[in-house]
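For clarity, every value in this text was computed on a predicted model and none was experimentally measured. Starting from 1, each residue takes its place in the sequence as its number.
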Amino acid sequence: MLLNLLTGIAAMLVCLLFQAIFVGICVRQYVRFHRRHGLLLGPLQEIALLAVAMLLAIFSNFLQMAAWAWVFVLVGEFADFATALYHSAVNFATLGYGDIVMSERWRLLGALEAANGILMFGVSTAMMTAVLTRLMRPARHDPPDGA
């Protein structure tokens with residue numbers, strides 16, 4: 001069990017790093033865009049901002065699923081990456097289909113990945129909520145950038 005926990009914690013730290021990088025990129029680009037274009041955006045610009053933020057969040061979560069899949073392959077749980085990635089996506093998204101079950105030796109990793117996935121989807125949701133809140137706020141109430 002200790003090996004499961006140590007392996008899972010290492011994978012979670014990698015996922016946290018991926019998430020932090022992508023949230024940082026989104027926030028930096030969002031601030032840069034607003035400084036360049038001002039606070040009043042047209043509908044197409046708002047849609048573009050949301051789309052980019054969503055795509056980066058999805059890409060980040062997919063990379064995290066892939067990282068977990070590599071862990072499953074490295075510990076010998078799955079022979080091929082495609083099966084490991086499918087199982088990882090089911091765990092990370094907390095779907096829990098149960099069509100592919102991990103061995104008793106490593107099954108705690110599935111639960112750790114599900115806990116990690118729900119937290120990382122929560123961070124992605126928080127980022128999207130922040131973008132939406134900013135876009136929906138009337139421009140006259142926005143503080144100047146940098147305040």
Side-chain angles (χ1 to χ4, degrees), residues 1-137 142 145-146:
M1 185 159 101
L2 182 60
L3 185 57
N4 274 261
L5 290 173
L6 293 174
T7 304
I9 288 169
M12 288 175 163
L13 289 173
V14 168
C15 289
L16 182 61
L17 178 64
F18 285 156
Q19 193 75 7
I21 289 169
F22 281 93
V23 168
I25 289 169
C26 281
V27 168
R28 186 176 309 120
Q29 294 304 317
Y30 181 82
V31 168
R32 186 176 295 157
F33 185 86
H34 268 283
R35 284 187 179 151
R36 204 176 306 137
H37 300 287
L39 298 174
L40 296 174
L41 301 175
L44 291 178
Q45 290 172 316
E46 290 178 354
I47 290 169
L49 277 176
L50 287 172
V52 168
M54 284 192 309
L55 287 173
L56 284 173
I58 289 168
F59 184 68
S60 172
N61 288 323
F62 178 78
L63 282 179
Q64 293 171 62
M65 291 174 208
W68 275 99
W70 278 117
V71 168
F72 296 153
V73 170
L74 288 174
V75 300
E77 190 62 27
F78 297 104
D80 64 292
F81 182 74
T83 303
L85 183 60
Y86 167 76
H87 183 72
S88 177
V90 169
N91 282 345
F92 198 84
T94 68
L95 290 172
Y97 286 150
D99 55 340
I100 299 175
V101 180
M102 295 178 71
S103 68
E104 188 174 327
R105 178 175 184 203
W106 293 107
R107 69 180 168 195
L108 181 59
L109 285 181
L112 291 172
E113 183 183 12
N116 184 214
I118 198 73
L119 289 171
M120 294 302 109
F121 277 122
V123 171
S124 296
T125 301
M127 181 188 67
M128 291 303 303
T129 301
V131 171
L132 279 169
T133 301
R134 175 72 180 220
L135 290 175
M136 293 172 71
R137 192 179 329 161
D142 286 339
D145 284 331

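The distance from atom CG of L17 to atom CG of L63, rounded to the nearest 0.5 Å, is 11.0 Å. Between atom CG of residue N61 and atom CZ of residue F18 there is a gap of 11.5 Å, rounded to the nearest 0.5 Å. For the atom pair OG1 (T125) and CE (M120), the distance works out to 11.5 Å, reported to the nearest 0.5 Å. Considering CZ of F92 and NE2 of H87, their distance stands at 13.5 Å, rounded to 0.5 Å. In this structure, I9 CD1 and N116 CG are separated by 11.0 Å, a value rounded to the nearest 0.5 Å. Remark: I25 CD1 to R32 CZ distance equals 10.5 Å, nearest 0.5 Å.
Using modelled atom types, one finds a donor on one side chain and an acceptor on the other under 3.5 Å when comparing S124 with Q19.
For the pair A53 and M127, the tightest heavy-atom approach, listed with the atom from each and the gap, is O-CE, 3.5 Å. In this structure, W68 and C15 approach most closely via the heavy-atom pair NE1-SG, 3.3 Å. When all heavy atoms are compared, the tightest approach of G8 to L112 is CA-CD1, 3.9 Å. Counting all heavy atoms, side chain and backbone alike, V73 lies closest to A84 at CG2-CB, 3.7 Å. In terms of heavy atoms, C26 sits closest to L56 at SG-CD1, 3.3 Å.
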Derivation and outcome, side chain to side chain donor-acceptor pair (under 3.5 Å), residues Y86 and N91: CA-CA 9 Å; Y86 167 76; N91 282 345; over 6 Å; no

V123 and F22: CA distance, side-chain angles, deciding distance, side-chain contact (heavy atoms from CB on, under 4.5 Å) verdict: CA-CA 11 Å; V123 171; F22 281 93; over 6 Å; no

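Using a 4.5 Å heavy-atom threshold, the side chains of T83 and F72 count as separate. Inter-residue side-chain proximity for V75 and L3 is flagged as unmet; no heavy-atom pair is nearer than 4.5 Å. By the 4.5 Å heavy-atom criterion applied to side chains, L50 and M128 are counted as neighbours.
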Contacts under 3.5 angstrom, residues 100-110 side chains, donor-acceptor by atom type, not counting sequence neighbours:
| residue | atom | partner | partner atom | Å |
| --- | --- | --- | --- | --- |
| S103 | OG | E77 | OE1 | 2.8 |
| S103 | OG | E77 | OE2 | 3.3 |

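The environment of CZ in F81 is crowded: more than 12 heavy-atom neighbours from other residues, nucleotides or ligands sit within 6.0 Å.
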